[in-house]
Amino acid sequence: MTTVPYIIADNKIPYLKGVLEPYARIDYLSPEQITPQAVQEADILLIRTRTKCNRQLLEQSRCRYIATATIGYDHIDTAYCREKGIEWRNAPGCNASSVGQYILSSLLAWSKHCRKPLHECTIGIVGVGHVGSIVARYCNLLGMTVLLNDPPREEAEGKTYFVALDEICRQADIITFHTPLTRNGKYPTFHLADTSFFSALEKKPLIINTARGEIVETAALKKALLQEKIQAVILDCWENEPEIDSDLLKQAFIATPHIAGYSADGKSTATRMAVEAVGSWIQHKIPVENIVPPPPEQEIVDLSGATNPLQKAVWESYNPFDDDSRLRRSPETFEMQRGLYPLRREFRAFHLKGISPAQAPILEQLGFIFDSE
């Protein structure tokens with residue numbers, strides 16, 4: 001691109017300001033400000049999930065490139081973009097470790113609450129992409145029985161590693177969803193967990209959704225809870241966000257405002273990937289090595305005397321009940337809680353001490369750093 005491009009960027013994309021200014025003219029707008037009028041002269045949009053890139057937004061725009069700093073892209077009308085010659089890129093896998101941290105922390109909380117050891121549980125992972133693969137690795141580390149369901153991967157790779165969804169319905173104590181949201185095609189995931197899905201469950205499992213709200217049908221989920229088809233539900237994603245179902249909020253074991261992937265590590269990775277995508281399109285190699293999050297407030301975690309070192313280490317890095325309590329106190333500020341989300345670092349940002357060699361292997365494989373005593 002020979003002329004200086006004009007970029008409109010979501011002002012909530014972290015660690016971005018100052019990075020693109022040497023290469024483009026850039027304005028930072030809130031999602032509400034990214035309107036058809038605002039984007040008319042934009043060459044590039046740098047967005048998150050709250051900006052719906054469709055005909056309504058783009059019809060009068062000269063935009064020819066969209067980079068979304070998110071793992072998902074269901075907010076982009078890909079058919080319309082193809083029709084208009086608009087290229088787009090997402091950031092696959094950017095927040096996979098963050099969601100893995102959320103899932104592990106939440107599973108430890110549920111295990112403690114139910115007094116059910118996780119190594120005695122079977123977990124069904126529906127969707128085994130970047131996120132589902134990390135969740136599977138963490139669950140294998142804990143000695144859980146792991147069942148994988150991913151029809152597109154099974155079709156491409158064979159049945160060796162995968163099972164049908166009905167087998168998960170029969171065997172799983174825990175079912176967690178990590179699929180993209182698709183409404184068409186061979187394997188649609190919209191309302192994948194519907195009335196027939198819940199009717200097929202045999203073990204009253206824990207249900208977890210950190211993928212997209214519409215994958216789980218709200219009415220069917222509430223009915224399953226009422227009929228005790230399921231034991232509990234952990235929800236980070238909701239239908240009709242940010243207007244979430246108040247009854248479902250009250251019934252959830254853990255309820256959070258779509259922040260499972262909101263670690264600072266995941267955000268910085270997404271920003272780097274989006275910047276690199278823009279740089280490739282405008283044919284400039286843009287430095288991204290300074291797009292890094294700050295350290296956590298307490299980098300050192302002392303596990304001396306801990307009765308459950310794994311639980312303490314994971315919860316020191318992230319405790320989902322902090323986000324849960326904020327959402328329950330103020331569900332009407334769902335969007336604000338996302339926009340003003342506090343600093344959260346992943347396992348590899350924390351240094352552990354006071355840990356015996358026998359306790360170290362799992363923590364080390366999770367990514368924690370060990371300080372020499």
Atom pairs and distances, donor-acceptor, side-chain atoms in residues 136-147, under 3.5 Å, two or more places apart:
unit_1, atom_1, unit_2, atom_2, d
R137, NH1, Q365, O, 3.2
N140, ND2, A136, O, 3.1

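Between the side chains of Q101 and S98, no donor-acceptor pair of N or O atoms lies under 3.5 Å. Looking at R272 and T269, their side chains do bring a donor and an acceptor atom within 3.5 Å of each other. One side chain, H178 or T176, offers a donor N or O that lies under 3.5 Å from an acceptor on the other. Side chains of T218 and E239: a donor on one and an acceptor on the other come within 3.5 Å. The closest side-chain donor-acceptor pair between T256 and D236 falls under 3.5 angstrom. A side-chain N or O of W110 and one of Q231 form a donor-acceptor pair less than 3.5 Å apart. For the 3.5 Å distance criterion, the side chains of T51 and H75 fail to qualify, holding no donor opposite an acceptor. A side-chain N or O of S330 and one of E332 form a donor-acceptor pair less than 3.5 Å apart.
Panel note: side chain Y102, backbone N319; no donor-acceptor pair is recorded below 3.5 Å. Looking at T70, its side chain does come within 3.5 Å of a backbone N or O of G72 through a donor-acceptor pair. Judged by distance alone, the side chain of T333 and the main-chain N or O of M336 form no donor-acceptor pair under 3.5 Å. Between the side chain of R64 and the main chain of E87, no donor-acceptor pair closer than 3.5 Å is present.
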- Start with the C-alpha distance between D323 and Y262, add both sets of side-chain angles, then the distance that settles side chain to side chain donor-acceptor pair (under 3.5 Å), and finish with yes or no. CA-CA 11 Å; D323 291 324; Y262 264 38; over 6 Å; no
- Task: Show your working on salt bridge (Lys or Arg N to Asp or Glu O under 4.0 Å) between E155 and K186 and close with a plain yes or no.
- Result: CA-CA 11 Å; E155 187 175 272; K186 193 171 182 180; 2.5 Å; yes
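Counting heavy atoms of neighbouring residues, nucleotides and ligands inside a 6.0 Å radius, atom CD of E228 does not exceed 12 of them. Around CD of Q56, the count of heavy atoms belonging to other residues, nucleotides or ligands within 6.0 Å does not exceed 12. The neighbour count for E59 CD, taken as heavy atoms of other residues, nucleotides or ligands under 6.0 Å away, is above 12.
Residues V128 and V216 fall into different hydrophobic clusters, defined by Ile, Leu, Val, Met, Phe, Trp and Tyr side chains chained together at heavy-atom separations under 4.5 Å. Follow the hydrophobic side-chain contacts under 4.5 Å out from L165 and you never reach Y161; the two are in separate clusters. In the hydrophobic clustering of this structure, V233 groups with I244; members are Ile, Leu, Val, Met, Phe, Trp, Tyr whose side-chain heavy atoms approach within less than 4.5 Å, directly or through other members. Residue L206 is grouped with residue L148 when hydrophobic side chains (ILVMFWY) are merged at heavy-atom distances under 4.5 angstrom, including chains of intermediate members. Residues L249 and I208 do not share a hydrophobic cluster, defined by chaining ILVMFWY side chains whose heavy atoms lie under 4.5 Å apart.
A distance of 6.0 Å or more separates the ring centres of F370 and H351.
Atom CD of E346 is separated from atom CG of L366 by 11.5 Å, given to the nearest 0.5 angstrom. Q337 CD to H258 NE2: the interatomic distance, rounded to the nearest 0.5 Å, is 14.0 Å. Atom OG1 of T49 sits about 5.0 Å away from atom CZ of R338, to the nearest 0.5 Å.
Remark: R326 does not engage D322 in a salt bridge, criterion side-chain N to carboxylate O under 4.0 Å. Taking 4.0 Å as the cut-off between side-chain N and carboxylate O, E202 and K229 do not count as a salt-bridged pair. A salt bridge between R212 and D74 is present, with a side-chain N of the basic residue lying under 4.0 Å from a carboxylate O of the acidic one. Note on E41 versus R62: salt bridge recorded, some NZ/NE/NH1/NH2 to OD/OE distance being below 4.0 Å.
Counting only heavy atoms from C-beta outward, the side chains of P242 and E335 approach each other to under 4.5 Å. By the 4.5 Å heavy-atom criterion applied to side chains, K203 and R170 are not counted as neighbours.
Pairs passing the ring-ring contact (aromatic ring centres under 6.0 Å, His included) check and including a residue from residues 184-203, sequence neighbours excluded, read F177-F197. Note on residues 251-265: pairs passing salt bridge (charged side-chain N to carboxylate O under 4.0 Å, His left out), not counting sequence neighbours, are D265-R345, D265-R348. Residue pairs meeting the salt bridge (charged side-chain N to carboxylate O under 4.0 Å, His left out) criterion with at least one partner in residues 276-299, sequence neighbours excluded, do not occur; the list is empty.
The cationic atom of K17 (NZ for Lys, CZ for Arg) lies less than 6.0 Å from the six-membered ring centre of Y28 and within 45° of the ring axis.
Through ILVMFWY side-chain contacts below 4.5 Å, I369 is grouped with nothing and stands alone. Under the 4.5 angstrom side-chain criterion for Ile, Leu, Val, Met, Phe, Trp and Tyr, the cluster partners of L45 are Y6, I8, L29, I34, V39, I47, L57, L58, I66, Y73, I76, Y80, I86, W88.
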